[in-house]
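The sequence lines fix the lettering, A, B, ..., with proteins before strands; numbering per chain opens at 1. Quick caveat, the model's predicted, so the values are computed rather than measured.
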Number of protein chains: 2
Amino acid sequence: MSKEIILDNNTEELLRKHRLSVTESRLKILNLFMDQPGALAHGDIEKKAGEKFDRVTVYRTLQTFVEKGIIHTIPTADNSVRYALCRDECSEGHHHDHHVHFICTSCDTTYCLDDVVTPELKLPKGYVAQQIEVLAKGICNECSGK
Amino acid sequence: MSKEIILDNNTEELLRKHRLSVTESRLKILNLFMDQPGALAHGDIEKKAGEKFDRVTVYRTLQTFVEKGIIHTIPTADNSVRYALCRDECSEGHHHDHHVHFICTSCDTTYCLDDVVTPELKLPKGYVAQQIEVLAKGICNECSGK
DNA sequence: TCTGATTTTGCAACAATGTTGTATTTTTGT
DNA sequence: ACAAAAATACAACATTGTTGCAAAATCAGA
């Protein structure tokens, strides 16, 4: 008899779409991402998940999700990469996250500003850009309102 | 009798300017940065320095240099912050590195493109940017020429 | 140039983070 | 329901980053 997991099946379909086995930890981790607007670091996930989440499972799950194009990484200036859901269609191994990321210096939330497109750049001769990441730091919507 | 360290005194003056004691490890680390065009990760420094460099000393030296505005950090998408010399005048604790960073996917060198200025951004209402970091990935000058 | 005060270093011990291999469990397709 | 495939948990380990403190180097003033 299969365990009864009550979760919306958006997440389940997402996994199936990428030909990944539907497992409890994957569903839970996906839901963590869905349930909040920002990005999560590896550590956040271990904490938010309550008590028990094997560290190795989290590492491998995140790695799988990145490879499949379900989440993407966001660079930060400290040593903590954060992950966020890919809103748009990201094909396997090829992300199209041409939007700006915003890190709030007050509440430390990381946002994907999906509507802000990364600007064009004029690079010096010989440099060919394949991908451009824009990282803005400042005060977010929530924190500036108060 | 003081040990004889033969190094150009640009580095020494730089340290004095920031009221830092002139020590062997600081001079060596500064010279590592001077001797190459790109940025260095913590690990690079430990390796490049040959055999002996206490890890703790490197950590604390980098931290000091960042605080004093001698170097600045560059975010990356993997878990390895890199450091580069601040070309322009950076006051203590307040960096003016409004230039674009470029990471070559071929040779893995990180460049500061000092002449490429970060573009203006239109952020959604409520978001106030204090600092904007632009990170371009692609093929660098050196690698594209061949 | 000597000397005491200050700063920096090196070491040890530790904490946190990330990796790998393997046996066991779960999921999948038929 | 069953065999094959995939994912997990656990242990053991490697790497990376942190802290406290005694020893050493540097500095500033006489």
Hey, are the side chains of Pro119(B) and Val134(B) touching, using non-hydrogen atoms and a 4.5 Å cut-off? yes
Taking CG from Leu15(A) and C1' from dT26(C), how many angstroms apart are they, rounded to a whole number? 14 Å
How about Arg26(B) and Phe65(B): do any of their side-chain heavy atoms sit closer than 4.5 Å? yes
Below 3.5 Å is the cut-off: list the nitrogen or oxygen pairs between protein and nucleotides 28-30 of chain D, distance only.
none

Are the side chains of Leu121(B) and Leu113(A) in touch, meaning some heavy atoms are under 4.5 Å apart? no
Running the 4.5 Å side-chain criterion over Ile, Leu, Val, Met, Phe, Trp and Tyr, what cluster does Leu135(B) land in, apart from itself? Ile74(B), Ile103(B)
List in chain and number order the residues that pass side chain to side chain contact (heavy atoms under 4.5 Å, CB included) with Asp115(A), two or more places apart in sequence or in another chain; answer none if no residue qualifies. none
Considering residues at least two apart in sequence or located in another chain, which fulfil the side chain to side chain contact (heavy atoms under 4.5 Å, CB included) criterion with Val22(A)? Glu12(A), Leu15(A), Arg16(A), Leu27(A)
Rounded distance in Å - CZ (Phe53(B)) to C1' (dC11(C)): 17 Å
By side chain to side chain contact (heavy atoms under 4.5 Å, CB included), Gln130(A) pairs with (sequence neighbours left out) Thr105(B), Ile139(B)
Degree of bending, the helix from dT1(C)-dA30(D) to dT30(C)-dA1(D) (end axes from five pairs; round to 10°): 50°
Take the protein atom CG of Asp78(A) and the nucleotide atom P of dA16(C), then report the distance between them rounded to whole Å. 17 Å
What is the separation between atom CG on Leu27(B) and atom P on dA25(D), rounded to the nearest whole Å? 15 Å
Whole angstroms only, please: what is the CD1-C1' distance between Ile45(A) and dG18(C)? 14 Å
Is any side-chain heavy atom of Tyr127(A) closer than 4.5 Å to a side-chain heavy atom of Phe102(B)? yes
Residue list, side chain to side chain donor-acceptor pair (under 3.5 Å) with Ser80(B), at least two apart or on another chain: Asp78(B)
Atom pairs under 3.5 Å, N or O on each side, protein against nucleotides 4-8 of chain C: can you list them with distances?
residue: dT7(C); atom: O3'; partner: Ser21(B); partner atom: OG; Å: 3.4
residue: dT8(C); atom: OP1; partner: Arg26(B); partner atom: NH1; Å: 2.8
residue: dT8(C); atom: OP1; partner: Arg26(B); partner atom: NH2; Å: 3.0
residue: dT8(C); atom: O5'; partner: Arg26(B); partner atom: NH2; Å: 3.2

For a quick check, with a 4.0 angstrom heavy-atom cut-off, what is the B/S/- contact string for nucleotides 11-19 of chain D, read 5' to 3'? B----SBBB
Other members of the hydrophobic cluster containing Tyr59(A), with the 4.5 Å side-chain heavy-atom rule, please. none
Could you identify which residues cluster with Val117(A), counting Ile, Leu, Val, Met, Phe, Trp and Tyr as linked when any side-chain heavy atoms lie under 4.5 Å apart, either directly or through a chain of such contacts? none
Output the distance between atom CD (Glu133(A)) and atom OG1 (Thr76(B)), rounded to the nearest 0.5 Å. 10.5 Å
Which residues satisfy the salt bridge (Lys or Arg N to Asp or Glu O under 4.0 Å) test with Asp108(B), sequence neighbours excluded? Arg82(B)
